[in-house]
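Here's the structure we're looking at; comments come further down.
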Amino acid sequence: LIHGDKVVYNVGSRGIALSKTNGSLKWKTASGTPGYATPVRYDHRGTEAFIMFGPSYAYGVNAATGKQLWSKSFKSSDINAADPVLYDGKIFLSSSNFNPGCELIELSGTSTSSKWKNRNMRIYLNAGVVIGDYLYGADGTTNRGNTVRCINMETGETEWTKNSIPCASITAADAKLIILSRTGDLYIAEASPSRFIQLAKAKVITGTCVTVPVLANRSLYVRNSRGTLYKLQMSEMVIETQPLAVNFAGSDLEFSWPAKGNFALESTDALGQTANWSEVGSAAAKEDDRYIVRVRPSAGQQFFRLRSE
């Protein structure tokens, strides 16, 4: 982390700071097993400070001197790699190594208190993103993680879970989640706490991907573990219309869509914030290369959509 005239590393027990111009020592802490997370800057009652996340503790250290301000036990085997996340004056800690889970802590001088603690979000590498009162992140380890999840930062409760996205890296822009899976699939989804709403998906890179995608000047940069880097023009991304066909069949409406793909037919009796979409096409029959379902409309108004899962 570059901060003022210093480069700060999570090395030793609670970090080390060097001059960014000549590498001379600014301050250092005691020797010990370091953490994998990046130092995170925060304001400690008007004093610039860093959060250092080690294998067994999180620490607050004075940015100018390296002096310890507080400590919080958060033990895994030897890896706490996800950066701490700041939320509403509090600090969110998470790790998936040996399944320790996550915790939201609050500082009071040199002491800490727990607001909530559970295992709903066990982040291994990339910290995820906070939008409003919700955190969107990847639950699970690099090899076994397969879940993107949204949790309520006020309560720690899970809002929704989306499976089959291996150990994702997540960033956000324009109220959209930009998700890169470990296998190189790029997802664009609504940043909504109500449920996972996918807008687009494309295979954009091969190999193993654990680096967070970077958005700059309407371009998205993605890379894999071999160092291959791609620049994607986001302005050229097209979200294809969903191929839903509708016909009258007596008193019923007949809906059909391609069998290739993963779609769900849903309906609601109102639009906007009061919309409550529910699946109506679970009994669809396959005919040739399409799924077909007949629905008897309700007496009142009813809206339908085909959602890509």
Side-chain angles (χ1 to χ4, degrees), residues 1-97 100-115 121-130 135-138 142 153 169-172 210-214 216 223:
L1 173 70
I2 296 177
H3 180 264
D5 63 348
K6 298 184 290 295
V7 183
V8 185
Y9 300 90
N10 190 357
V11 175
S13 61
R14 297 182 301 281
I16 187 172
L18 306 177
S19 166
K20 74 176 182 182
T21 56
N22 58 31
S24 62
L25 180 66
K26 291 287 189 177
W27 53 258
K28 68 177 182 178
T29 57
S31 61
T33 303
Y36 287 72
T38 301
V40 173
R41 183 196 170 278
Y42 80 103
D43 182 273
H44 186 87
R45 298 194 297 180
T47 299
E48 289 191 319
F50 305 122
I51 306 166
M52 297 289 185
F53 200 11
S56 301
Y57 283 84
Y59 299 94
V61 299
N62 185 293
T65 65
K67 179 182 177 181
Q68 180 178 319
L69 301 172
W70 54 266
S71 67
K72 173 70 175 72
S73 175
F74 197 96
K75 186 174 179 58
S76 66
S77 62
D78 62 352
I79 299 176
N80 285 327
D83 294 350
V85 175
L86 301 177
Y87 166 72
D88 192 28
K90 305 174 186 68
I91 300 169
F92 174 79
L93 304 172
S94 180
S95 179
S96 69
N97 203 37
C102 58
E103 185 171 4
L104 186 70
I105 65 171
E106 188 169 31
L107 304 181
S108 178
T110 59
S111 63
T112 67
S113 60
S114 178
K115 305 302 292 183
M121 184 71 79
R122 297 163 296 172
I123 300 176
Y124 187 69
L125 285 176
N126 300 302
V129 293
V130 173
L135 182 139
Y136 304 86
T142 301
M153 290 291 277
S169 302
I170 303 174
T171 188
V210 294
T211 304
V212 177
V214 175
R223 67 180 294 272

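Note that these values count all heavy atoms, side chains included, but never hydrogens, waters or copies made by symmetry. Counting begins at 1 with the first residue of the sequence.
- Considering all non-hydrogen atoms of both residues, Asp83 and Thr38 come closest at OD1-N, 2.8 Å.
- Although no hydrogens or angles enter the test, the distance criterion places a donor-acceptor pair under 3.5 Å between the side chain of Asn10 and the main chain of Phe53.
- Counting heavy atoms from C-beta outward, Met153 and Val130 have side chains that approach closer than 4.5 Å.
- Under the 4.5 Å side-chain criterion, counting only non-hydrogen atoms from C-beta, Ile105 is in contact with Leu93.
- Residues satisfying the side-chain hydrogen bond (donor to acceptor under 3.5 Å, both in side chains) test with Ser24, not counting sequence neighbours, are Asn22.
- Taken to the nearest 0.5 Å, the OH atom of Tyr87 stands 11.0 Å off from the NZ atom of Lys115.
- Residue pairs that meet the salt bridge (charged side-chain N to carboxylate O under 4.0 Å, His left out) test with at least one member in residues 57-74, sequence neighbours left out, are Lys72-Glu103.
- Checking side-chain atoms of Trp27 against main-chain N and O of Leu18 turns up no donor-acceptor pair under 3.5 Å.
- Looking at heavy atoms from C-beta onward, Asn126 lies out of side-chain contact with Ile170 at the 4.5 angstrom threshold.
- A heavy-atom distance below 4.5 Å is not found between the side chains of Tyr57 and Lys75.
- Side chains of Val61 and Trp70 form no contact here, defined as non-hydrogen atoms less than 4.5 Å apart.
- Within the 4.5 Å cutoff, the side chain of Phe50 has heavy atoms near those of the Leu1 side chain.
- Within the structure, the salt bridge (charged side-chain N to carboxylate O under 4.0 Å, His left out) test picks out the following pairs touching residues 18-29 (sequence neighbours left out): Asp5-Lys26.
- Pairing each heavy atom of Thr21 with each of Ser19, the nearest pair is OG1-OG, 2.9 Å.
- The main-chain N or O of Ala30 is found under 3.5 Å from a side-chain atom of Ser13 such that the two form a donor-acceptor pair.
- Looking at every heavy atom in both residues, Pro84 comes nearest to Ala37 through CD-CB, 4.2 Å.
- At least one donor-acceptor pair under 3.5 Å links the side chain of Thr29 to the backbone N or O of Gly15.
- Within the structure, every pair that satisfies the salt bridge (charged side-chain N to carboxylate O under 4.0 Å, His left out) test and touches residues 41-65, not counting sequence neighbours, is listed here: Arg41-Glu48.
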Do Leu135 and Phe92 pass the side-chain contact (heavy atoms from CB on, under 4.5 Å) test, and can you show the C-alpha distance, the side-chain angles, and the key distance before you say yes or no? CA-CA 10 Å; Leu135 182 139; Phe92 174 79; 4.0 Å; yes
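- For the side chain to side chain contact (heavy atoms under 4.5 Å, CB included) with Ile91, the lone residue among Ile51, Val85, Leu104 that qualifies is Ile51.
- Between the CZ atom in Arg14 and the CG atom in Leu69 there is a gap of 10.0 Å [rounded to 0.5 Å].
- A pairwise comparison of heavy atoms in Tyr9 and Met52 identifies O-CE, 3.9 Å as the closest pair.
- Tyr36 is linked by a ring-ring contact (aromatic ring centres under 6.0 Å, His included) to nothing, counting only residues two or more places apart in sequence or in another chain.
- If you take CD1 on Ile123 and SG on Cys102, they are separated by 7.5 Å, rounding to the nearest 0.5 Å.
- Remark: the backbone N or O of Met121 is paired with a side-chain donor or acceptor of Ser94 at under 3.5 angstrom.
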Residues Leu107, Tyr42; criterion side-chain contact (heavy atoms from CB on, under 4.5 Å); working and verdict: CA-CA 12 Å; Leu107 304 181; Tyr42 80 103; 3.7 Å; yes
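- Within the structure, salt bridge (charged side-chain N to carboxylate O under 4.0 Å, His left out) pairs that include any residue of residues 87-96 comprise Asp88-Lys90 (at least two apart or interchain).
- In this structure a side-chain-to-backbone donor-acceptor pair under 3.5 Å is present from Asn80 to Phe74.
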